[in-house]
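Beneath this line is the structure, given in structure tokens, with notes to follow.
Below, chains carry the letters A, B, ... as their sequence lines are ordered, and counting in each starts from 1.
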Amino acid sequence: MSQIKPRVFKGARDFLPEQMLHRERITDVMRKVFKKYGFSPIETPAIEYLDVLAGKYGEDADRLIYRLDYKSGTKDQAALHYDLTVPFSRLVAMNPDLTLPFKRYQIQPVWRADRPQPHQGRFREFYQCDIDAVGSKSMLIDAEMVAIAYEVLKTLGFTTFIIKINNRKILNGITQYAGLEASMTQEVCRSIDKLDKMSWDDVEKELIEKEFPDSSIQKLGNLLNKNLTLDNLSEALPDNALAQEGIAEIRELFGFLKELGVDSQYYSFDLSLARGLDYYTGPIFETKLSDQPHMGSLTGGGRYDQLIGMFTGKEMPAVGTTLGLDRIFTAMQQLNMLEPIKTSTKVLVAVFSKEEMKNSLQLASQLRAFDIATEIFPEPDKLKKQFTYADKKGIPFMAILGQTEIEENKLTIKDLRTGKQKLMNIEEAVKVILGNLTLED
RNA sequence: GAGAUUGUAGCUCAGUCGGUUAGAGCGUCAGAUUGUGGUCCUGAAGGUCGCGGGUUCGAUUCCCGUCAUUCUCCCCA
């Protein structure tokens with residue numbers, strides 16, 4: 001018989017319970033925080049018409065969209081969504097009667113056809129956990145994006161992250177100040193972006209290689225060869241309306257962050273942050289781990305006031321951010337933040353014989369009525385085997401209900417972690433399993 | 001897309017300066033008084049040495065190609 005070699009698609013992964021339990025916990029934290037700020041869930045199809053997606057992200061990213069063979073080359077060509085922001089914008093365009101501001105969250109996988117790099121948390125299939133709000137230009141919404149990212153990461157136990165904040169308007173202003181075409185912003189940003197890894201001298205060399213005019217490079221150098229604060233930058237560009245507008249926005253945003261109670265050691269203005277996606281128009285943010293520099297950004301987002309207009313012809317302000325589940329999960333693995341766990345079952349009810357099975361089933365029902373995650377061994381078997389099963393799965397308690405217990409109308413509970421066990425009634429057993437009572441010797 | 005790295009048991013890796021039956025640890029399974037696991041002991045199963053070709057009396061080992069993997073750059077969640 002011929003066999004097919006089982007394999008997973010490159011850059012995609014299977015998740016076993018020991019991973020999924022953690023991933024679910026992470027998204028549970030997110031959902032809770034998202035809802036706390038008034039965001040409501042939506043979902044959009046994994047598949048979209050190519051023309052909905054194409055031309056929104058920029059040339060490089062467009063190439064990474066997974067196109068589907070189905071009806072290739074026609075207007076109806078399909079593709080897997082590359083992110084959740086563009087499909088969401090499409091949805092907003094198709095639902096003009098949404099009550100504004102509309103705040104939604106969306107947790108779904110997205111697909112990108114680039115080279116996987118697991119160590120950096122880079123995959124072809126990965127989950128984005130998006131929050132976006134449309135219909136308001138208020139910097140308070142932008143601040144909420146940062147506040148939510150902060151709260152989620154903090155709750156998960158991260159201590160070394162930094163949310164970098166910049167503004168597309170400032171970057172455009174700098175390009176303008178350097179006497180370059182607006183279309184060059186992307187290229188300038190690409191070099192500016194490297195300032196967190198390279199010195200200005202090295203970036204300058206690169207700009208020379210890219211054949212930027214000397215005068216422009218010099219002007220860029222004046223701004224970039226030192227770590228500029230927002231105030232320094234403002235003083236350096238007194239006549240640049242674009243940059244000043246961007247600076248004012250960031251100041252307002254920072255003000256809101258302070259009032260929202262976000263600890264200022266976890267965010268900062270960073271001129272070297274230059275997010276590549278084409279659709280950003282205002283503030284942009286990105287989270288890095290200072291002790292995991294190889295790891296890609298954990299979160300990223302920004303304001304995109306023009307994107308929805310590409311579908312409606314009418315400008316509609318919007319801002320959002322995405323929390324990268326796979327990045328967060330991978331970082332937590334690498335930082336040993338995840339306790340090994342294989343199951344959420346709290347107790348395994350042993351089964352002695354066919355006759356005593358109904359007693360075991362009854363006990364299981366009683367325990368479940370107390371919301372205790374209970375498993376029952378599916379058939380009578382040697383106790384040893386049932387213990388081994390519980391031990392391997394990491395189930396903390398065994399409930400033993402044999403002839404002796406049944407006669408006394410009690411049961412034996414054993415804590416597999418300590419090895420202690422005791423004959424008791426059901427009420428007592430519930431307390432022990434829930435951790436409200438400790439087994440004594 | 002550019003460069004580098006590695007490919008031997010389910011996993012992590014030894015090893016053969018080219019030579020007969022390729023090893024270990026962990027894991028898996030089965031035993032040691034049929035109401036007690038995780039420690040210990042005994043035993044067992046499990047490998048076309050990535051694939052194709054070349055050199056050779058002989059290749060898992062050397063050479064070429066190929067596929068795959070991982071890492072760095074680029075970019076991103």
[X] [atom1] to [N] [atom2], straight-line distance once rounded to whole Å:
| X | N | atom1 | atom2 | value |
| --- | --- | --- | --- | --- |
| A:R13 | B:A77 | CZ | C1' | 11 Å |
| A:D114 | B:C75 | CG | C1' | 8 Å |
| A:F285 | B:A77 | CZ | C1' | 15 Å |

**Message:** Less than 6.0 angstrom separating the ring centers of A:Y150 and A:Y267, yes or no?
**Reply:** no
Would you please confirm or rule out a distance under 4.0 Å between OP1 or OP2 of [N] and any side-chain N or O of [X]?
| X | N | value |
| --- | --- | --- |
| A:K392 | B:U28 | yes |
| A:Q120 | B:U72 | yes |
| A:K414 | B:G35 | no |
| A:Q117 | B:U72 | yes |

**Request:** With a 3.5 angstrom cut-off on both distances, give the Watson-Crick or G-U wobble partner of B:C73, or none if there isn't one.
**Result:** B:G1
**Request:** Return the stacking result for B:A77 and A:Y127: yes when the ring centres lie under 5.5 Å apart and the planes under 30°, no otherwise.
**Result:** no
**Request:** Take A:T412 and A:E405 through the side chain to side chain donor-acceptor pair (under 3.5 Å) test and state the conclusion after the steps.
**Result:** CA-CA 7 Å; A:T412 298; A:E405 287 84 0; 2.6 Å; yes
**Request:** Check whether NZ of the Lys or CZ of the Arg A:R417 lies under 6.0 Å from the centre of the six-membered ring of A:F397 and within 45 degrees of that ring's axis.
**Result:** yes
**Asked** Have A:R104 and A:Q106 got a donor and an acceptor in their side chains that come within less than 3.5 Å?
**Response** yes
**Fill in**
Nearest-nucleotide check on RNA chain B, A:G324 vs A:D415; residue mapping nearer the 5' end is A:D415
